[in-house]
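Working notes for the structure below.
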Amino acid sequence: MQLAERNGNGENTELRAYLSELNQTFDRLEFRFKTGNTVVDTLLGMKYHEIMRTIPDLQLNADKLLFPENLMIQSYDIGVILGNALDNAVEACKKQKAAEQGAEFPATTKPDKKVHGIGLTNIKNTAEKYRGGVDWTAWNKVFTLTVMLKNERSTQNEDQ
């Protein structure tokens, strides 16, 4: 509360110093992923660190992840697609690494199938909101997920 109060000359030097220090901290942060979308860069960074703790030799390549400057797709929907895609990919890699067998699109092995195993369905439904589609391939231990969206406001009413 004291930071927001102004001193006698109309400026808040303490608040300015705090904001300047905060900006310098952000400038020092190194973002591993630079897609041009802050939400995506943050999510990829979080998932990358999570992945490295469990599967250190896994490679996460997001070089072809492209976003237009005037992105109209809601950040929440991007998070649904990307979060589910990465979670599913990590799960499949863990299973594959343990079994050391060829990659095939995995069904969930979690006990509560009503809550788990819906990641790809969530991705597909979100893509369809933007008149898009989903495709995947699994070959030679590489899982590739392609999601295409039309850069426009969702075609579904968000209140439903």
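Note that the numbering runs from 1 along the sequence shown for the chain.
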Original post:
Can any side-chain N or O of Thr42 pair as donor or acceptor with the backbone N or O of Thr38 at less than 3.5 Å?
Top reply: yes

Is Ile73 reachable from Leu145 through a run of I, L, V, M, F, W or Y residues, each pair having side-chain heavy atoms under 4.5 Å apart? yes

Connected to Val80, directly or through other members, by ILVMFWY side-chain contacts below 4.5 Å are Tyr76

Rounded distance [0.5 Å steps], [atom1] in [X] versus [atom2] in [Y]:
| X | Y | atom1 | atom2 | value |
| --- | --- | --- | --- | --- |
| Leu71 | Ile78 | CG | CD1 | 4.5 Å |
| Leu43 | Leu86 | CG | CG | 6.5 Å |
| Asp135 | Thr137 | CG | OG1 | 7.0 Å |
| Leu82 | Thr126 | CG | OG1 | 12.0 Å |

Once side chain to side chain donor-acceptor pair (under 3.5 Å) is applied, do any residues pair with [X], and if so which ones, sequence neighbours excluded?
| X | value |
| --- | --- |
| Asp41 | Thr35 |
| Asp87 | Lys47 |
| Lys124 | Glu128 |

With a 4.5 Å heavy-atom cut-off, do [X] and [Y] have their side chains touching?
| X | Y | result |
| --- | --- | --- |
| Thr121 | Asn84 | no |
| Arg153 | Gln74 | no |
| Asp77 | Lys129 | yes |
| Ile81 | Val134 | no |

For Met148, the side-chain contact (heavy atoms from CB on, under 4.5 Å) test, sequence neighbours excluded, returns Thr146

Closest heavy-atom pair, Arg32 versus Tyr48, reported as atoms and distance to 0.1 Å, is NE-CE2, 2.9 Å

What side-chain donor-acceptor pairs closer than 3.5 Å can you find for residues 57-70, not counting sequence neighbours?
| from | atom 1 | to | atom 2 | distance (Å) |
| --- | --- | --- | --- | --- |
| Asp57 | OD1 | Lys97 | NZ | 3.0 |
| Asp57 | OD2 | Lys97 | NZ | 2.7 |
| Asn61 | OD1 | Asp63 | N | 2.8 |

